[in-house]
Number of protein chains: 2
Amino acid sequence: MRDDCDMRGMLSFLILFMLSKKPMNGSEIADEIERRKGTKPSPGTIYPALKGLKEANFVKEKREGKTIAYSLTSEGKDALRIAKQRFCATFTDVFSGK
Amino acid sequence: MRDDCDMRGMLSFLILFMLSKKPMNGSEIADEIERRKGTKPSPGTIYPALKGLKEANFVKEKREGKTIAYSLTSEGKDALRIAKQRFCATFTDVFSGK
DNA sequence: TTATATATATCGGTCATCCAATATGTGTTA
DNA sequence: TAACACATATTGGATGACCGATATATATAA
């Protein structure tokens, strides 16, 4: 994800946001997105996104037995702060009822 | 835009939302997006998106001299209602501070 | 009429999102 | 050990978002 939050990169933005709450592994991320959106992204969606975030140094990995816990780096936190601001400015009134 | 609001289609969703406030032409849409996001989408972004919404019967056109006023059809209003619900469910806590 | 400004539209190329299918890795169970 | 379940990963193909460049249309100014 570029840190300027265009309309591409919304999945990466959401993942970054969720990881800022607590570290999660890939399946937990998919489950949480299903809880929010109603549809569960396939592995072919979720892992490439995580790979991109890792290559951008926004998330780091920690293997824990069978799973890998993803969490934000400090760069990831910075990027999220900026992206969140633009996201909110772009969509505020969609939420505020109007 | 499909009415199920995945992460692709966020531009079309935003346009649909803005048009639900008031009819606008292409440049006004681009200007309003700039006001929200800070960056102005190029014509090569905005007009193909409008074309897609028109082909989905979500917006209709009305030429007014030099410009074309876009507004929602009733199908567009229905699609927006559903997409808005999913969007809010997906991103609520991004806004609510937490 | 010609020139200018603005709005609309298309094209080519890149990147992000998405799924289905497939493959590999890891831990548990038989 | 082998079998199984689950997590992780990659590939191919489709669609959407994006820009820069270019083209066309419409209205106004010179």
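Values below: every heavy atom of this structure, side chains too, minus hydrogens, waters and symmetry copies.
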| Distance in angstrom units between A:Tyr47 OH and C:dA21 P, rounded | 19 Å
| request: Check whether any side-chain N or O of B:Lys84 sits under 3.5 Å from a backbone N or O of A:Val94 as a donor-acceptor pair, and report yes or no. | output: no
| Counterpart residues, side-chain contact (heavy atoms from CB on, under 4.5 Å), relative to A:Lys62 (two or more places apart) | A:Glu64
| query | Atom CD of B:Glu28 to atom P of C:dT6: distance rounded to whole Å? | reply | 15 Å
| message | Quick test of your reading of the model: are B:Arg36 and B:Asp31 salt-bridged, counting only N-O distances below 4.0 Å? | response | no
| note | Here the distance between atom P of D:dG16 and atom CG of B:Leu50, to the nearest Å, is 14 Å
| request: Could you tell me which residues satisfy side-chain hydrogen bond (donor to acceptor under 3.5 Å, both in side chains) with B:Lys54, sequence neighbours excluded, listed by chain and number? | output: B:Glu61
| With a cut-off of 6.0 Å (strictly less than), are more than 12 heavy atoms of other residues, nucleotides or ligands near CD of B:Gln85? | no
| message | If the condition is side-chain hydrogen bond (donor to acceptor under 3.5 Å, both in side chains), which residues does B:Lys77 pass it with, not counting sequence neighbours? | response | none
| Heavy-atom donor-acceptor pair, A:Thr67 side chain to A:Asn25 backbone, under 3.5 Å | no
| said: Any side-chain N or O of A:Ser27 below 4.0 angstrom from OP1/OP2 of D:dC6? | reply: no
| field | B:Thr73 (side chain) donor-acceptor with B:Asn57 (main chain) under 3.5 angstrom | value | yes
| Nearest-angstrom distance from the residue atom CG of A:Leu53 to C1' of C:dT17 | 13 Å
| said: If I take atom CD in residue B:Glu61 and atom P in nucleotide D:dA25, what distance separates them, rounded to the nearest angstrom? | reply: 15 Å
| message | Using only atom types and a distance under 3.5 Å, with no angle test, would you say the side chain of B:Arg63 pairs donor to acceptor with the backbone of B:Gly65? | response | yes
| request: Kindly point out which of C:dT26, D:dT10, C:dT8 is positioned nearest to the side chain of A:Lys51? | output: D:dT10
| B:Met24 CE to C:dT8 C1': how many Å, rounded? | 16 Å
| message | Tell me the bend of the helix from C:dT1-D:dA30 to C:dA30-D:dT1 as the angle between end helix axes, each from five pairs, rounded to the nearest 10 degrees. | response | 0°
| query | Which atom pair, heavy atoms only, marks the closest approach of A:Phe58 to A:Ala79? | reply | CZ-CB, 3.6 Å
| message | Quick one, A:Phe95 with A:Phe91, criterion ring pair (Phe, Tyr, Trp, His ring centres under 6.0 Å). Give me CA distance, side-chain angles, the key distance, then yes/no. | response | CA-CA 7 Å; A:Phe95 282 79; A:Phe91 293 105; 7.9 Å; no
| said: What is the distance, to the nearest angstrom, from the CD1 atom on A:Ile46 to the P atom on C:dA20? | reply: 14 Å
| Near DNA chain C, which residues from residues 64-78 of chain B have a heavy atom under 4.0 Å away? | B:Lys66, B:Thr67, B:Ile68, B:Tyr70
| task | Let me have a per-nucleotide readout for nucleotides 18-23 of chain D, 5' to 3', with B, S or -, counting only protein heavy atoms under 4.0 Å. | result | BBB---
| query | Is any side-chain nitrogen or oxygen of B:Ser12 closer than 4.0 Å to OP1 or OP2 of D:dG16? | reply | no
| request: Report the distance from atom CE of B:Met10 to atom C1' of C:dT17, rounded to the nearest whole Å. | output: 12 Å
